[in-house]
*Asks:* 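Provided herewith is a single structure, encoded as structure tokens, for subsequent inquiry.
Both counts, for ligands and for their atoms, begin at 1 and track the order of listing. Start at 1 with the first residue, then count along the sequence.
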Amino acid sequence: LPPRPRRVVFDHDGAPDDLLSLLLLTRYGHVDLRGVAVTPADCLPGPALSVTRKILDLTGRDVPTAVGTLPGRNPFPLEWRIDALRADALPVLNRKDPDIGPADALPAHERLAVWLARTPAPVTVLATGPLTNLAWCLEHHPGLESRIEEVVFMGGALDVAGNVLRPDHDGSAEWNVFWDPDAVRRVFDSAVPVTMFPLDVTDRVPVTMDLARAFGRAYGDPVGDLAGSLLALTFGTLETTGLAYCCWDSLTTSYLAEPGICAFETVHCDVITRGVSQGRVLRRAGGRAVRCAVTVDAGRFYRHLLDTLAPDGR
Ligand code: AGV
Ligand code: CA
């Protein structure tokens, strides 16, 4: 069954798997990518915007981009945020002088509002970083709710441990929610349908050496080489943090092409915005209905990545 065509606005935060997600989106023939917003969360915004535009240029996509300025309450570690600098310097993205025009005059939250207001039909908002820009749009332009057919969000940890490991936190939160818990609250308070990919499923799709070697077998094509290089940037995460780097965002993105990779349940959710559990998304009877991915066919996901980005690596 071919996936259904969608108009998509992508809001990402510049980490290697966000960039892998962007690369996937450029390969999806059924996706009409209307705009890419960069949230300055798990990245340095300048390099993250630059690498975003280089990826769109490499793949021949003429898509408007914007960079965010709204701050989150809980900053990401600088050691993670610098990855966008490394990605921006990869040889495959620097084969020619950048012919990159002036930056958008509007910050991402205002630009997102314009993209939503001007869309001829409702769009899917794919968010692989915090929901800050979207929450701002809903708060300041409530009429935009009807312009959104679905929010597809990587975030949360329902029945598994979170990935925020800090002395002042109980470890129950996932980072995209933790960066700006109020934004998730604002989106939950709206009527837009939310499909969420929590750590419960993304934990099952770690970046592995097998996956890296599959990209090696396909070496020699710019898109596949970029994907393999982005994966290589993630190695060492387990050794430095105790937690594996997973295909958090690319699993979420693959839903647009192969929605059957995960199985879903409607879960009534709440989000904790203060205190030692801030950023935790939990089940609560009577809470906001969220369509949550609960199981994943990991083999099928890895095959999808390779089929889409490096078919010779199969
Ligand atoms: O919590 C997962 C989110 C995903 O959107 N990000 C990374 C992905 O882009 C934050 C994150 C959690 N652990 C990390 C993260 C790590 N070890 N390194 C970098 N980012
Ligand atoms: Ca991300």
*Asks:* Looking at Ala15, which atoms of ligand 1 are within less than 4.0 Å of one of its heavy atoms?
*Replies:* 9 (O)

*Asks:* With heavy atoms under 4.0 Å as the rule, classify the contact between Thr128 and ligand 1 as side chain, backbone, both or neither.
*Replies:* backbone

*Asks:* Looking at ligand 1, does any of its N/O atoms fall within less than 3.5 Å of an N/O of Asp18?
*Replies:* yes

*Asks:* What atom name does the N, O or S atom of Asp13 nearest to the Ca ion (ligand 2) carry?
*Replies:* OD1

*Asks:* What residue and atom, counting heavy atoms only, is the protein's closest point to atom 9 (O) of ligand 1, and at what distance?
*Replies:* Asp17 OD1, 2.6 Å

*Asks:* For Asp170 and Ser172, test the side chains for any donor-to-acceptor distance below 3.5 angstrom and give the result as yes or no.
*Replies:* yes

*Asks:* Can you see whether Phe76 has Arg81 sitting over its ring - NZ or CZ less than 6.0 Å from the centre and within 45° of the normal?
*Replies:* no

*Asks:* Give me the residue, atom name and distance of the protein heavy atom closest to atom 1 (O) of ligand 1.
*Replies:* Glu174 OE2, 2.5 Å

*Asks:* Just jot down the ligand 1 atoms closer than 4.0 angstrom to any heavy atom of Met154, in number order.
*Replies:* 2 (C), 4 (C), 5 (O)

*Asks:* Which distance, rounded to the nearest 0.5 Å, do you find between the CG of Asn74 and the CD of Gln278?
*Replies:* 4.5 Å

*Asks:* Would you call Asp57 and Lys54 a salt bridge, using N to O less than 4.0 angstrom?
*Replies:* no

*Asks:* Which of the N/O/S atoms in Asp249 sits closest to the Ca ion (ligand 2)?
*Replies:* OD2

*Asks:* Could you go through the ring-ring contact (aromatic ring centres under 6.0 Å, His included) check for Phe264 and Phe197 one step at a time?
*Replies:* CA-CA 9 Å; Phe264 297 86; Phe197 290 75; 5.7 Å; yes

*Asks:* Check each of Asp18, Asn133, Asp13, Thr132 against Thr39 using the side chain to side chain donor-acceptor pair (under 3.5 Å) test, and report the only one that passes.
*Replies:* Asn133

*Asks:* If the Ca ion (ligand 2) is the vertex, what is the angle to OD1 of Asp18 and O of Thr128, rounded to 10 degrees?
*Replies:* 130°

*Asks:* Regarding Arg27 and Thr308, do their side chains bring together a donor and an acceptor under 3.5 Å, going by distance alone?
*Replies:* no

*Asks:* Which one of Thr252, Asp42, Leu20 has a non-hydrogen atom at the shortest distance from atom 6 (N) of ligand 1?
*Replies:* Asp42

*Asks:* Which protein non-hydrogen atom lies closest to atom 12 (C) of ligand 1, naming both residue and atom, and how far is it?
*Replies:* Asn163 ND2, 3.4 Å

*Asks:* Do me a favour and list the nearest non-hydrogen protein atom to atom 5 (O) of ligand 1 with residue, atom name and distance?
*Replies:* Asp249 OD1, 2.6 Å

*Asks:* Parallel, tilted or perpendicular: which fits the ring planes of His304 and Tyr28, with parallel below 30° and perpendicular above 60°?
*Replies:* tilted

*Asks:* I need the atoms of ligand 1 closer than 4.0 Å to a non-hydrogen atom of Thr237, numbered in the order shown.
*Replies:* 17 (N)

*Asks:* Under 6.0 Å from the CZ atom of Arg204, do we count more than 12 heavy atoms belonging to anything else shown?
*Replies:* no

